[in-house]
Every structure is written in structure tokens, then in C-alpha cells.
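In listed order, ligands and their atoms are each counted from 1. Owing to the predicted nature of the structure, the values given are computational and were not obtained by experimental measurement.
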Amino acid sequence: MPYNHRTVEPKWQKAWADAKIFKSPTTPGDKPKFYILDMFPYPSAAGLHVGHPEGYTATDIIARVKRMQGFAVLHPMGWDAFGLPAENYAIQTGVHPHETTQKSIAAFRRQIQSLGFSYDWDREVDTTDPTYYKWTQWLFLQLYKKDLAYEAVVPINFCPSCKTGLANEEVHQGACERCGKTVEKRDMRQWMLKITLYADRLREDLEGLDWPQSTLSMQENWIGRSEGAYVDFAIDGHKETVKVFTTRPDTLFGATFMVLAPEHPLVKNICTTDKNAEVTAYIERARMTPEMERTEAGRKKTGIFTGAYAINPVNQENIPIWIADYVLAHYGTGAIMSVPAHDNRDHGFAKTYDLKIKTVVRPAMGQAPTDTAFEGDGFAIDSGAFTGLATEEFKKQITAWLKEKGLGERAVTYKLRDWVFSRQRYWGEPIPIVHCKGKCAKAVPVPEKDLPITLPQVERFQPTGTGDSPLSAITDWVKTICPECGGAGERETNTMPQWAGSCWYYLRFIDPKNTRAAWDKELEKAWNPVDLYIGGAEHAVLHLLYARFWHKVFYDLGLVTHKEPFKRLRHQGMILAFSHQDSKGAYHGYDEIEFAGETSKLIATGEPLNMKIEKMSKSKKNVVNPDEVISSYGADAMRLYEMFLGDFELTKPWDMRSIEGVSRFLAKVWRLLENQVPGDAKTNQRLRHKTIALVSERIENFKFNTAITALMEFVNALTGSQACKEDLDILLKLLSPFAPHMAEEGWALLGNQGFVSQAAWPTFDPALTTAESVGIAVQINGKLRETLRVPSGEAHNQVYVEAQAKASEKVVKYLENAKVTKVIFVAGRILNYVVHTS
Ligand code: ANZ
Ligand code: ZN
């Protein structure tokens, strides 16, 4: 009977759902718990991408194994559904984002379910559901009450095309992450979250996390802690002083000029009248230049001399004060002492404007470069009483000296900025604040009992362009009563950024239906932290840092019991696709070319095949639709294939040709099950134990591809021998996390009761996993003197067997006073020494 995945797969999916076998218990009870989480997807209108099931298959494999191993497994799925695409679609078509979102969710759910993942669907959450965002708003209020949310007029990144403010993290190389337009700076009133207050803890607690090193480094760099000193410079002819931040106070004797950020408040005061016009124009240009561009390493430096001079406090030298856009207003003090001999940016600047370069550090070994700055540590030269000191020691001494003279002090700065938390958009959580226009005349939090503040119906979704959200046009909604004084009030019309809902969804999953609290504290204790978190590396900074920040606030509020939310983290590698661009510039996906016979057509017309491996994208027509793969090959083949593409954590191309391979493997498994011949349980005992060990261990180490290889080898070996019932049962148990549908069908075919998904994961005896040993007869002149046990892998190795023989007393005593005239070796069986005794 041929195996038909089109009927078998939906049958088992229904059986699992009906029996609710993947429902997590309310609490783990006396079982050990395992909370395994996928980064929940944004349900886009395009539907599932083959990149999604890569992570989901991995977590599903592990969740299934853990369940079979007796863990109480929490494995939920939900939707991160607020965000710009639905809103932009609404602007184009007038279709309400709620409608689009629900449609996309339904499509995503259907596609995910068609892959047979073992999620507990009773715990599904949707961030756009008022019963969910009620608690997002409630958590915002907790942050507000802890003084971690505040309003400020700040220059924010503003996208002139999306007409909204953006967080730093949404700006890439000066352009809007969404639309690619160059981002401008605009002063706007914003809601800010004081993430900077948590900078040290966010940094320190990275230690002890089992996360990819690259992600830990990215978080660390984003927080960007720098230790150094503040140094005050007097300005010649002015009362004011300029404070600079430096990580290299040991280079003070080499400071030959000073640079202020164009936006620095002192610039207007100190700049001489003849420079005024030039300076003003430069400031305006700098304001419009994105930060990323200003700090680009190789960029040609520009700047203007202010006409003023600062006095270097260590040697009283007058040094010119410049302004330049490579100095940022919001880092350190917005002013630097420039040491061109030891800082490459300063070096470039000094070269451009012909400023003095003075070397004050020599390397401990070798020569300093002559055409660039020497930025390393070494020993001080030309530095007065400090000359000769090693860099670290110099830093200590000069910092103490500055402190003593009242000229400076030790300082720590961070790259991390407070989080711009508001968006001038419709499709987000309303920020639960009322601006009192009456007695209080301030921002007043909405009382918790009035939550949720739901999104009102609107006619048009266009941002106003003035920077106000579309919500501001709905007067009925905006006009309200101040919850404190009862006077006139206006609702906050900014909404939260997309990150808000994902800052705490992993907590909602442990108690998704709670109507009295965001989550129950006892349940939190029972399930947290997340034991394994899997998702894309694109979230290495943003989502993970924000969620960690909120989590630490929850910790301080006594809402959670662990300092960190995600104990272990892994990223799936990106899946790329082949595409071919023809001479007319049109793109063809690999499958289109291969399966439609386009290849031969292209070759016949002499068209060069210009295949490239690239990111999947609609415009390149190289996106693979999982529905088609499932329909042609089945969910099991798709799952196996996703895992067999290559190392889970590495980037790899999607190549449909090789799905045939896993498909053939499944067919082979089925033939084996159907044609079973009763065998002896002993025959494959060692192979069984070895396979259990390999598959278990490889899954544990995220080596799903080689775990499949071990299964393939097992099937090949069983196909060639007499497989007993036990062999096949073990095979099905090991196969079930990867190809659960066929495993269930096979389990039933062999006459087993219940679901293989609920069977116990097989264990192995380590003694039986090592290579089997073989007995080799050692003879002296044809007489048996010893039987050696050697590993079967070595039984054919004469050198090895002889060495073992010569280590045996029983053999040695016959060889001691004898002359060996001949050695006869029958591989795997006999070693015979022919000897002459004198
Ligand atoms: C003098 C100096 C000498 C510096 C030297 C470096 C090397 P990190 O490590 O990134 O914290 N700096 C300070 N504030 C700045 C600002 N607002 N915009 C641009 N650059 C700024 O970098 C700290 C160093 O970056 C500081 O140390 C300062 O240059 C510069 F041999 O001071 B240094
Ligand atoms: Zn009021």
C-alpha cells in the first residue's frame, strides 16, 4: 500500500488535536519543566516563508524529545501583529489593519498547523487583541509609576516618507529600515523609557547566559560602556570651560586641538564674529546628516575653526577649538580633546586641516606607524613628569592628578540612549495617558480599572505629516475627562512601538487567559525562565535588549523571580535562494527555471545562466512557498529537508533538487516497515544503542542534519539485515520528532497502542554503543595460546593486533627466547607466529 502523505498527515494532525496530547499542563507538577519558545512571527500578508519553519522545526523536534523524556513542556505560538505593513496596506487600500491582520493570522496558523508542530494552541496570543494589549498598557503604567517613562522634546529620527518617528534601532545607515528613505532629525515631543538606568545590569547579566557569542557581543557593543575621564579645559578669554570625555587621559600631552559637536551649546558663545555665518551654515548641515554617516570611519572629515582657543591643563598650551560633525552632541560631553597621533579620526582631521600632530605614546615593541595614528597601549613619551609610564598606570595617575587639581575626574559613559517609545501611528497600543487641560495641567496616567484603552475606528489611516498620529483626528476619542481632577482632558494620541508586545509575550504564554493579572505569580515561578529560545539573528539587539530591560523592571517590581528571561538562545541560519537574472533583466527563481524546463531553453538560446545565491525576495521571484512543498512532498519531507539543508546555525541555500533525497529516505522507511521480517533482537542490538546515542546527542547539540544522517544509516543497515520489531519501534521513536506523521502511521502499522509521540524516548546503554569487540586467536606454531578481544574496527589491522598480542604475558613467554620466522595473519580471526627455538 503506497504511503500517501496527503491523507496520512491531516489524519494524525486531527488525532493529536482531538486527544489534546500537546496541551501543556497548567503547572509542571512533579515533572521537570521545559519552556521552549520560538520568536513569535509577524503575520505578514505574504504568508509563511521557508525561513520560518526552519526555527519552528528545530524547536518542535526538541519539544517532542523532551516530552518523550518525561518533561512538562511549554511550547506555545502566537502573533506579534501590530506594525507598519498592515497600516501601510490600509493607507493604500482602506482595508482596516484589524481585518488584514486577522486574515494573515488565519493563513499563518493554517500553514504552521499543516506542518504538524506540537504547539499548545490553547495558549495562542495575539498582541493586537484588547485582552492582550490591556496588559501591555498595564505594564507601561508600572514603568510609568516607577518613573521609567517620561515625556521629552528630543531630536528624533523622523522618516519623511513613513511620516513617523523611528527608534535608533530602526535606522540603518541613515535610512529608514522600512522604506529606505534618508532619515531626518526633528525635535518632537516623545515618550521615552529610561533603559539607560539599566545599562550596567543589562551588560553585567549577559554573563552566565548560554547565548551565541556574537549576540552577546552585539548587546555589549550596543550598550557600549566606556571608562575614562572628564577633563575641563579653560577657554582663552572666556569664563566658561569645556568639559571633554576621553578614554585616553594618558594622551593629554598630545592634545593639540579641541573639537566641539556643532550642536554644542558653547559654540555660539565662543565663535568669533568673522566665523559666525560659516559656523551657522555648518551647524544646519550637520543637523540634517544622519549620525551613522557622521561617524563613518572612512568618511572625509569636515570642520570649521571657531576662532577660539582652549588651554591644555597639563602644559598650558593654547590649542585651537574647532567644530566638526564627527563629534556627536549626545555622546560623552559633546566635546573632545583631539590627539591626532593616537586617534585615527583626529589624525584624518589634522591631516585635512594641517594641524599639529604630537606623539606621546610609543609601542612596547616595534615601531609606531607613520601615516596613521598609533592607537594601542605602550609607554608615555614627552609627557612631563609622567614620561615613561605604561598606559594603564598613566591613566590611573593622571586621573588622580586631575581630581586633585579640580580639573577632572573618572567617568563612565554609555552608547545606549533612552528608548524613544512613541510612534505617530495608528496600528499600535494606545499609550494610556490623558493630558489634563484642567487643574492638573500635566500628563495623568489612566486608572488601571479603565484599561484597556482600545483603538477607535478611524476612516483614514494616513499619518498627518505634522508628526501627529491619525488618532489625533478622532476628536470624540481624544476628548475625555481628566481621571484626577475631572476637568477637560485629551488622550495621548501616540501609540507604542512594535517592540512593546514582544517585551512580555513569553510571560503571557504561561497564563494566557488570566483576566485579573498579566500573569499569575505562582505560574510564573513554575514555568520561568524560558529554557530555550530560538529565533533569527536579526533580533540580536533590538527585541532581546528591550525584553531584557522590561524583564529587569518586572524583577524589581517583584513580578518575576529570575533576573533574565531567556536562559539559552540560538539563532537559525538564514536560508538563501537561487535566482537567475536574464538578459532582459527579469528574475527567475531556481525552481521556475529547473522545473519548467527553462534551463534547456536558456541554453538553447545561448543565454548565459547567471545563477546567484541571494536572500529570498518577491522581486527576485525566488521565494519558495511552503504550501507547494508540503503538497508535493508532504510536511514530514519538508521538516526533514529544512533540517537537512545544513548546519542549523549557518546560512545555507535552499535547493529543491535535494528534497528528493529526504523524500526517498522516507519512502525507504515505509518499505522497511511494510516488509518487516521477524528477526532476532540481538542482531542489531549494538547498532540500536549506537543510533539512540547519536540521535539524542546530536539533537541536544542542534546538529539536526547529522542526527538525520544517523537515522539514514540506521535505516540502510536495517534494510540490509533482518530487522526485528524492537529495531523498528526504536526507529519510529527516533524518527517521530523529525517526521511525526509517518512515525505515527508506522507505529499503528506495527500494531502498537497509543501515539508514538507519547511513547518514552529510548535510552541507551553506553557499554553497548562502543564498537563491538572481536575475538582473535593467537597461535604459536599453530597452537592456541591466547584469545584477544579487539574492537571490531581494529580486527583487520595487523599492526594493532600484533601490538595487543605482544602486550599479553601468555604470548610473550613463547616469543622471548625464540626467533620469529613467519607471521600469518588472517584478518579478523587468527594471528599465528611461526618460531624457531634455539
Ligand atoms: C582623546 C583620545 C585620545 C581619545 C586617543 C581616543 C584616543 P569610545 O571608546 O567609543 O567611548 N569621543 C568622546 N566623545 C565623543 C563624541 N561625542 N563624539 C565623537 N567622539 C567622541 O570613544 C571614546 C573616545 O571617543 C574619546 O576618547 C574621544 O576621543 C572620543 F588617543 O579622547 B578620545
Ligand atoms: Zn486633571
Distance-only polar pair, side chains of [X] and [Y], donor-acceptor under 3.5 Å:
X	Y	result
Thr295	Tyr331	no
Glu492	Trp191	yes
Thr196	Asp418	yes
Asp200	Tyr414	yes

[X] and ligand 1 - part of the residue with a heavy-atom distance under 4.0 Å:
X	answer
Thr247	both
Arg345	side chain
Ile336	side chain
Glu375	neither
Val339	side chain

Under 4.0 Å to a heavy atom of [X] - the qualifying atoms of ligand 1, by number:
X	answer
Tyr326	18 (N), 19 (C)
His342	5 (C), 7 (C), 31 (F)
Val327	16 (C), 17 (N), 18 (N), 19 (C)
Met337	1 (C), 32 (O)
Thr246	1 (C), 2 (C), 4 (C), 26 (C), 27 (O), 32 (O), 33 (B)

Any ion pair linking [Y] and [X] (charged N to carboxylate O, less than 4.0 Å)?
X	Y	result
Lys356	Glu317	yes
Asp531	Lys567	yes
Lys552	Asp205	yes
Glu538	Lys615	no
Lys185	Glu263	no

Protein heavy-atom partner closest to [atom] - residue, atom, separation in Å:
atom	answer
atom 18 (N) of ligand 1	Leu328 N, 2.9 Å
atom 3 (C) of ligand 1	Thr251 OG1, 3.3 Å
atom 8 (P) of ligand 1	Ser226 OG, 3.4 Å
atom 28 (C) of ligand 1	Phe245 O, 3.7 Å
atom 6 (C) of ligand 1	Asp343 OD2, 3.3 Å

Worked verdict on Arg189 versus Glu151 for salt bridge (Lys or Arg N to Asp or Glu O under 4.0 Å): CA-CA 7 Å; Arg189 181 189 64 87; Glu151 278 176 289; 2.6 Å; yes

Any N or O of Lys415 closer than 3.5 Å to N or O of ligand 1: yes

